[in-house]
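One structure below.
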Amino acid sequence: MILRNGKFSESSEMSTSGSDAARQLHVFPVLGIGEVEAGDDVAGLIHAALDRPVMRGDIFVITSKIVSKAEGRVFAGADREQAIDAEAMRTIASRQNPGGSVTRIVQNRFGLVSAAAGVDTSNSPGGRLLLLPEDPDRSARDIAATLRTIYRVDVGVVISDTLGRPWREGQTDCAIGAGGVRVLEDLRGDLDTEGTEMAVTVPCVGDEIAAAGDLVKRKTTRVPIAVLRGRGDLVGPLDLPGASSIVRPPDRDMFSLGAREAYEEGFAAGLAAADPAADPPPSDPRRSS
């Protein structure tokens, strides 16, 4: 699949001449990756399955689930809520669904905000509770380092997971780990096409890469890895800031609580200010950091 000037085509060849080459993306799946087990070498699985040459600047987009499986990140129990509690540092929002189940948006230990702390049973044999990788950036760097050794060219790795977004329906894949890839492209100070200096433009190219990879991996095809070709300018040293650098610092986070939770917290603070002697209302222990 090629993205050329904003349009996808089925051609498998890429032109490398002129300025048009800089506007092309080639995204293809890595087929033949079977069920991943604890202890498997993800880079080795890629090398065994990939049936085409690897080029300098290629970026491997790897679904977090197979990294979790390879690292043995399986919750020792069957209680999903206990697994979420074990992974969550604080609860952002919680809502009961019509069927009685509860959706919890939480922040985990490396700052990622997601539903259920990323605890998942989809594409997991036996319905095992899979947790996110312990340190996705470290995992991505390790895989990238091994791939560079195997192929003797500089490549990057993005580990992706599916997240929702405020204000928007549906989900998209985002970068939760990165190795040897620039995940933020700082264009502040550059001029746009009209000559106006850009003051706040910092595209999150890590998330864009993750989403592009998911267009060919999809969710129901058992294809957990894609390769993105055409943005070699984003590939660099392995010690580049990882996906954790995408997490917005608390002092600039405008969505640190859900709307209902923020109202309740503000209401309680107002009552306390009006009557300092009153006992504070009980707090949800899962909301504490």
Side-chain angles (χ1 to χ4, degrees), residues 59 61-68 71 73 75 80-95 103-120 129-144 156-168 171-186 200 202-211 213-214 234 236-262 265 283-289:
I59 301 173
V61 185
I62 304 174
T63 302
S64 64
K65 193 168 275 90
I66 70 165
V67 178
S68 295
E71 295 179 355
R73 291 283 291 158
F75 183 69
R80 186 169 182 266
E81 292 303 313
Q82 287 184 359
I84 297 171
D85 287 340
E87 291 290 289
M89 298 300 293
R90 69 186 185 99
T91 295
I92 308 296
S94 180
R95 298 290 183 272
T103 296
R104 290 168 59 191
I105 308 300
V106 304
Q107 186 171 37
N108 69 8
R109 65 193 172 284
F110 52 86
L112 184 70
V113 175
S114 63
V119 175
D120 197 4
L129 291 169
L130 287 176
L131 311 177
L132 291 177
E134 185 74 31
D135 184 341
D137 282 333
R138 182 183 63 201
S139 300
R141 287 193 300 269
D142 289 347
I143 295 170
V157 168
V158 167
I159 294 176
S160 66
D161 196 52
T162 305
L163 303 177
R165 292 82 37 84
W167 300 321
R168 303 184 70 81
Q171 302 84 30
T172 187
D173 269 28
C174 297
I176 68 166
V181 179
R182 291 179 178 84
V183 294
L184 295 169
E185 189 174 22
D186 193 345
V200 298
V202 185
C204 185
V205 287
D207 284 351
E208 292 174 338
I209 291 167
D214 194 50
L234 298 175
L238 291 174
D239 61 356
L240 285 171
S244 59
S245 65
I246 299 173
V247 177
R248 183 164 289 166
D251 62 329
R252 294 196 288 113
D253 185 0
M254 298 175 66
F255 304 96
S256 59
L257 287 176
R260 187 180 304 167
E261 287 75 10
E265 188 172 281
S283 60
D284 183 347
R286 294 179 300 184
R287 293 265 300 279
S288 61
S289 55

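Note that this is a predicted model, so its numbers are computed, not measured.
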Can you find a heavy atom in the side chain of [X] that is under 4.5 Å from one in the side chain of [Y]?
| X | Y | value |
| --- | --- | --- |
| L131 | V119 | yes |
| R104 | D85 | yes |
| D120 | D161 | no |
| Q82 | F75 | yes |
| C204 | L184 | yes |

Straight-line distance of [X] [atom1] to [Y] [atom2], nearest 0.5 Å:
| X | Y | atom1 | atom2 | value |
| --- | --- | --- | --- | --- |
| R141 | L238 | CZ | CG | 8.5 Å |
| E261 | R90 | CD | CZ | 10.5 Å |
| I92 | Q107 | CD1 | CD | 5.0 Å |
| E87 | F110 | CD | CZ | 8.0 Å |

For this session: Go through the steps to decide whether N108 and S114 satisfy the test side-chain contact (heavy atoms from CB on, under 4.5 Å), and finish with yes or no.
Result: CA-CA 8 Å; N108 69 8; S114 63; 5.7 Å; no
If only atom types and distance count, is the side chain of [X] paired as donor or acceptor with the main-chain N or O of [Y] below 3.5 Å?
| X | Y | answer |
| --- | --- | --- |
| R95 | I105 | no |
| D137 | S244 | yes |
| D186 | V202 | no |

*side-chain contact (heavy atoms from CB on, under 4.5 Å) between L234 and I209, worked out*: CA-CA 10 Å; L234 298 175; I209 291 167; 3.9 Å; yes
Practice prompt. Apply the test side-chain contact (heavy atoms from CB on, under 4.5 Å) to residues I143 and V67: give CA-CA distance (whole Å), side-chain angles for both, the deciding distance (0.1 Å), then the verdict.
Written response: CA-CA 10 Å; I143 295 170; V67 178; 4.3 Å; yes
Please give me the minimum heavy-atom distance between [X] and [Y], naming the atom from each residue.
| X | Y | value |
| --- | --- | --- |
| S160 | D173 | OG-OD2, 3.3 Å |
| C174 | A210 | C-CB, 3.5 Å |
| I159 | A140 | CD1-N, 3.6 Å |
| R73 | L132 | NE-O, 2.8 Å |
| A175 | D207 | N-OD1, 2.8 Å |
| V183 | P241 | CG2-O, 4.1 Å |

From CA spacing to verdict: side-chain contact (heavy atoms from CB on, under 4.5 Å), T172, D214: CA-CA 8 Å; T172 187; D214 194 50; over 6 Å; no
